[in-house]
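In listed order, ligands and their atoms are each counted from 1.
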Amino acid sequence: MNKEKISWVTKKDIRKRTFLSFLVFALAMAALVAGWRWIGQQPPDNGIAQPLRAVLNMNESIFKNAVFSEQKLSKPYAASAAVPPRFNGPLGLTNAADTTGWKLQVVKHNGDTLFISLDELKALPKTEVVFDFKCIEGWSQVTRWEGIRFSDFVNHYHLQDDVTMDYTSLVTPDKKYYVGIDRKSMLQPQTILCYEMNGKPLPLNQGYPLRLIIPVKYGIKHLKRIGTISFSNERPADYWYERGYDYYAGL
Ligand SMILES: Nc1nc2c(c(=O)[nH]1)N[C@H]1C(S)=C(S)[C@@H](COP(=O)(O)O)O[C@H]1N2
Ligand SMILES: [Mo]
């Protein structure tokens with residue numbers, strides 16, 4: 001007679017397995033908590049823990065080098081879709097704007113500085129940009145801006161050598177707000193040095209006389225009231241980067 005081999009699972013076995021799977025789960029949770037604590041205990045790098053900063057830097061290098069294309073335009077909108085932009089971000093705008101003596105300063109890497117008036121800028125070909133302006137606070141709105149395409153500006157003022165450098169720095173006249181931007185994003189055709197909003201001169205709190213509009217970036221990079229522009233291969237100082245945000249801030 002053939003004895004069938006039957007294996008019984010006893011209640012004891014079930015208890016054992018239940019206990020084992022619970023143990024695995026508990027150990028995994030403990031490891032997660034310990035890992036998160038460890039991250040929090042690492043020395044900070046510009047406002048956030050080093051391991052998190054390393055992740056942001058890795059994302060940046062993937063997007064900057066492999067994914068980003070200068071040719072890709074941001075999603076188009078009709079000018080009629082634009083709303084009057086809200087005001088956000090007063091840094092560097094608290095002094096009274098110098099409405100008569102203002103000149104844009106461009107520090108070339110050969111040491112020369114160009115001083116460019118608003119009228120000179122307005123004499124150059126005008127480019128209109130309508131795009132969905134996104135702030136890292138979570139809001140967005142379709143807005144319309146006019147100014148000089150940065151790549152046209154580069155050609156007109158013979159800054160081709162300067163933009164071979166990896167970064168452009170923009171700083172307010174009082175130096176209280178400052179951003180650094182990678183070359184490809186600066187040369188994207190919708191990046192403009194902007195002096196008009198909805199066909200009218202920029203309001204003071206929106207950056208009069210000149211601001212950056214750069215649709216491939218979050219709002220933090222659209223520096224209002226530009227004082228000085230310069231170029232470097234090192235990352236320039238960046239206000240929100242120093243406070244824990246992503247340097248790249250790309251969309
Ligand atoms: N000088 C200056 N520019 C700035 C800021 C700022 O605080 N100071 N804030 C930035 C942020 S976070 C946003 S969302 C936009 C807002 O532009 P708006 O006021 O025209 O809407 O400006 C950017 N440019
Ligand atoms: Mo913002």
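- Of the options Leu93, Leu91, Thr172, Ile213, the smallest heavy-atom separation from atom 2 (C) of ligand 1 is shown by Leu91.
- For atom 9 (N) of ligand 1, the closest non-hydrogen atom on the protein side is Gly89 CA, 3.6 Å.
- Within the structure, ligand 1 lacks Arg225 among the residues with a heavy atom less than 4.0 angstrom away.
- Near Cys135, with a cut-off below 4.0 Å to any heavy atom, the atoms of ligand 1 are 14 (S).
- Regarding atom 17 (O) of ligand 1, its nearest protein heavy-atom neighbour is Arg211 NH2, 3.2 Å.
- Side-chain atoms of Thr164 and Asp161 include no donor-acceptor pair closer than 3.5 Å.
- Counting all heavy atoms, side chain and backbone alike, Asn198 lies closest to Val83 at ND2-O, 4.2 Å.
- Checked against a 6.0 Å centroid threshold, the rings of Tyr247 and Tyr241 count as neighbours.
- Ranking protein heavy atoms by distance to atom 11 (C) of ligand 1, first place goes to Gly219 O, 3.6 Å.
- Near Pro90, with a cut-off below 4.0 Å to any heavy atom, the atoms of ligand 1 are 7 (O).
- Closest protein heavy atom to atom 21 (O) of ligand 1: Arg86 O, 2.5 Å.
- Of the protein's non-hydrogen atoms, Ile220 CG2, 3.7 Å is the one closest to atom 12 (S) of ligand 1.
- The list of side-chain hydrogen bond (donor to acceptor under 3.5 Å, both in side chains) pairs with a residue in residues 119-132, not counting sequence neighbours, reads Ser117-Glu120, Lys126-Glu196, Glu128-Arg144, Asp132-Ser140.
- Proximity to Gln206 (heavy-atom distance under 4.0 Å) selects the following atoms of ligand 1: 18 (P), 19 (O), 20 (O), 21 (O).
- Under 4.0 Å from ligand 1, the heavy atoms of Phe133 that appear belong solely to its side chain.
- Protein heavy atom nearest atom 16 (C) of ligand 1, with residue, atom name and distance: Asn88 O, 3.1 Å.
- Between Asp238 and Lys221 there is a salt bridge, with a side-chain nitrogen of the basic residue lying less than 4.0 Å from a carboxylate oxygen of the acidic one.
- For ligand 1, the atoms closer than 4.0 angstrom to any heavy atom of Phe87 are 19 (O).
- At least one cation-pi condition fails for Arg149 and Phe153: the charged atom is not both under 6.0 angstrom from the six-membered ring centre and inside a 45 degree cone around its axis.
- Contact between Ile192 and Glu146 at its shortest, heavy atoms only, is CD1-C, 3.8 Å.
- Taking the six-membered ring for Trp and thresholds of 30 and 60 degrees, Trp145 and Phe133 have ring planes inclined between 30 and 60 degrees apart.
- The distance between the ring centers of His222 and Tyr177 does not fall below 6.0 angstrom.
- With a 4.5 Å cut-off on side-chain heavy atoms, Leu159 and Lys108 count as touching.
- Interface of His222 with ligand 1, defined as ligand atoms under 4.0 Å from a residue heavy atom, comprises 22 (O), 23 (C), 24 (N).
- Within the 4.0 Å heavy-atom cutoff, Gly92 does not count among the residues contacting ligand 1.
- Summary of contacts: the protein heavy atom closest to atom 3 (N) of ligand 1 is Lys224 N, 3.0 Å.
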